Amino acid sequence: MVNTYSTDLAELATWQVFCVVASLSLFASWLFKVAYGTDVPKIKGIPELPKAIPFYGHLKFLGSDHPSAFQEFYRENKYEVLQAKLGNRRILVVNSYEAAQDFFVRNASATIDRPLFYTFHSVVSKTQGGTVGTAPWNESTKRMRTAIGALMTRPAIQRSAPMLDIETSALVNDIFACAAHGASEVDPRIFFQRQALNLTLMWCYARSVSSARTKIALNDRTVRDDWLNELFQKVVDAVSAGRKSDCISAGLLKDTSGTKLTEAEIKSINVSFVSGGFETLATSANACISWLSTDEGQLMQEKAFQDILKHHGSTEAAWDECVLEEKSPYVIALVREGLRYYCPIPLLPPRQTMKPFTWRGIEIPKGLTVHINTQSVNHDAVCYGPDAHLFRPERWLEDGIHTVKQPGPPYQYSYGAGSRMCPAVAISNRLLYATYVRLIVHFHIKASIDALPNVDYIHFNEDRSVQSALSKRFKIKLERRRYVTSLEMCIERSRKATRGLYE
Ligand code: HEM
């Protein structure tokens with residue numbers, strides 16, 4: 001007779017073994033998925049970076065400077081678009097100008113979304129709310145972009161001229177004073193940072209900051225967040241009390257149109273403006289001035305000076321008009337070349353595909369993260385010619401010498417392109433134009449002998465592991481132009497014209 005007790009035990013043992021094996025296989029399959037899997041499967045037809053490792057994907061292979069690693073790979077292998085794994089996220093990186101146009105301009109509606117990142121959206125952005133530049137495409141983002149569009153019209157920018165006047169005039173005055181009126185050398189970085197920060201603060205909250213507070217605000221995120229909340233609350237109080245406050249926040253709070261924004265959305269626009277504007281503008285201006293200060297740059301300053309006089313008429317007219325109109329083609333070219341050459345954001349904030357589309361016969365799926373490698377696109381020799389690696393404003397002018405025709409809008413990718421392109425292109429170009437004009441008409445900008453700038457388009461950046469570039473420190477000397485004596489008069493005229501406009 002069969003012993004039922006021992007049969008049961010045997011069955012139990014088999015069952016236990018089965019359960020252990022099943023659990024182990026489930027665990028192994030889960031582990032494999034976590035180690036090697038990606039949110040979107042591999043895309044057929046697009047080359048993938050080599051040397052992915054479990055869990056990290058290509059993060060270690062890419063090192064701390066992702067744009068340069070991708071750019072190098074494009075140069076060596078001619079891969080205009082590459083795929084890579086960052087942890088378990090599959091990304092596409094676009095490295096050539098032509099492919100960037102295909103993805104962002106010709107397929108603008110398919111690349112309008114932005115991905116959600118746990119760390120950013122759940123942790124970092126808790127303090128001030130997210131920015132428009134990191135928000136996925138939804139009804140709220142649509143409303144915010146519409147409101148921003150209305151703030152960036154040509155008449156709105158013309159109305160901002162006094163703000164630009166105050167800030168560019170303050171920059172010239174302060175930097176010259178700090179350089180002991182030409183007697184000593186000066187590190188210009190903090191002045192450009194303060195100019196950009198003040199511009200966005202005035203715009204959003206009708207307030208500016210002292211240099212001491214700029215330093216604290218630049219270095220301490222918590223202080224900055226508290227302070228932005230404080231500034232916003234002041235505007236809310238002023239609007240509730242019926243007091244006049246001439247700024248974006250007040251305008252949006254009082255808006256009675258059908259697209260009225262919530263307070264959280266208005267705060268988000270403010271934070272987007274302050275964070276979107278201050279690092280980018282300051283980096284572009286600082287880097288361009290570093291180039292101008294070199295020996296080669298002296299010739300460019302001279303060409304710019306002559307062109308400014310030709311198109312504005314006189315130094316004084318240029319000082320007054322530059323905040324209202326960009327008349328000098330050479331300075332316009334200088335602004336454009338400065339942005340092309342020194343990318344304030346070398347790898348653009350990611351987009352996410354909203355719908356599938358076909359690119360050169362390859363199916364690009366929905367829900368895929370796409371980055372534009374601006375550093376690579378802006379130095380793409382196929383688009384800009386064999387001298388793409390040189391800083392040459394003349395490439396944007398008809399000079400009859402150079403045969404490669406430069407691209408039309410967006411000219412370069414530092415502002416991005418397509419449906420989520422930077423909405424502040426016109427005002428940023430105007431501020432950079434006015435800054436260069438006001439410095440060039442009064443000074444020869446010369447590099448320091450001991451603290452030379454690094455003018456290389458990759459190595460100018462102090463920390464290549466972070467999203468926004470920041471120029472390494474250097475010093476310049478400001479020598480007054482010999483026959484131009486109107487500096488103090490110009491500064492005084494700006495001061496009088498804008499007195500009492502802002503606190
Ligand atoms: C030289 C100056 C600037 C540069 C190089 C720059 C660059 C950029 C770039 C690359 C993007 C992402 C574009 C894309 O995904 O295609 C962006 C977005 C944005 N920028 Fe700028 N920016 C500058 C100045 C400013 C200023 C002054 C403001 C506001 C006052 C501003 C506000 C924004 C906003 C709100 C977005 C988000 C747009 C969206 O996601 O829909 N930017 N900017």
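All figures in this text were calculated on a predicted structure; none of them were measured in a lab. For ligands, and for the atoms within them, numbers begin at 1 and follow the listed sequence.
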Q. Should Arg189 and Glu462 count as an ion pair when the cut-off is N to O under 4.0 Å?
A. yes

Q. Of all the non-hydrogen atoms in the protein, which one sits nearest to atom 31 (C) of ligand 1, and at what distance?
A. Ala424 CB, 3.6 Å

Q) For atom 43 (N) of ligand 1, which protein heavy atom lies nearest, and how many Å away is it? A) Cys422 CB, 3.1 Å

Q) Of the protein's non-hydrogen atoms, which lies at the shortest distance from atom 35 (C) of ligand 1, and what is that distance? A) Ser272 CB, 3.8 Å

(Q) How far is atom 7 (C) of ligand 1 from the closest protein heavy atom, and which atom is that? (A) Ser414 O, 3.3 Å

Q. Using a heavy-atom cut-off of under 4.0 Å, does the side chain or the backbone of Ala417 touch ligand 1, or both, or neither?
A. backbone

Q: Establish, for the pair Arg351 and Phe104, whether the NZ or CZ atom is under 6.0 angstrom from the six-membered ring centre and no further than 45 degrees off its axis.
A: yes

Q: Assert yes or no for the condition that the ring centre distance of Phe391 to Tyr341 is strictly below 6.0 Å.
A: yes

Q | Protein heavy atom at shortest distance from atom 23 (C) of ligand 1 | A | Thr280 OG1, 3.4 Å

Q) Any sub-3.5 Å donor-acceptor pair from Asn373's side-chain atoms to Leu347's backbone N or O? A) no

(Q) Under a plain distance cut-off of 3.5 Å, with no hydrogens placed, do Tyr74 and Asp380 share a side-chain donor-acceptor pair? (A) yes

Q: Write out the residue and atom name of the closest protein heavy atom to atom 24 (C) of ligand 1, then the distance separating them to 0.1 Å.
A: Ser428 OG, 3.3 Å

Q. Atom 16 (O) of ligand 1: which protein heavy atom is closest, and how many Å away?
A. Arg351 NH2, 2.6 Å

Q: Could you please spell out the steps behind the side-chain hydrogen bond (donor to acceptor under 3.5 Å, both in side chains) verdict for Thr134 and Thr131?
A: CA-CA 6 Å; Thr134 56; Thr131 61; 3.1 Å; yes

Q. Is the shortest N/O to N/O distance between Arg145 and ligand 1 below 3.5 Å?
A. yes

Q) In terms of side-chain heavy atoms, does Thr141 have a donor or acceptor partner in Asn138 at a distance below 3.5 Å? A) yes

Q) So, do Phe103 and Phe357 have ring centers that fall under 6.0 Å from each other? A) yes

**Q.** N/O donor-acceptor pair under 3.5 Å between Asn88 side chain and Asp39 backbone
**A.** no

Q. Among protein heavy atoms, which sits nearest to atom 34 (C) of ligand 1, and what does the distance come to when rounded to 0.1 Å?
A. Pro423 CD, 3.5 Å

(Q) Using a 4.0 Å cutoff against the non-hydrogen atoms of Pro344, which atoms of ligand 1 qualify? (A) 5 (C)

Q.
Distance under 4.0 Å to a non-hydrogen atom of Pro349: what atoms of ligand 1 satisfy this?
A. 12 (C)

Q) Any nitrogen or oxygen of Arg114, main chain or side chain, under 3.5 Å from a nitrogen or oxygen of ligand 1? A) yes

Q: Ignoring angles and geometry beyond distance, decide whether Trp203 reaches within less than 3.5 Å of ligand 1 through its nitrogen or oxygen atoms.
A: no

Q | Per-atom contacts, ligand 1 versus Gly133 - under 4.0 Å to a heavy atom | A | 37 (C), 40 (O)

Q: Could you name the option among His371, Arg420, Glu279, Gln467 that has the heavy atom nearest to atom 14 (C) of ligand 1?
A: Arg420

Q | Face-on cation placement of Arg438 at Trp319 ring, 6.0 Å and 45° thresholds | A | yes

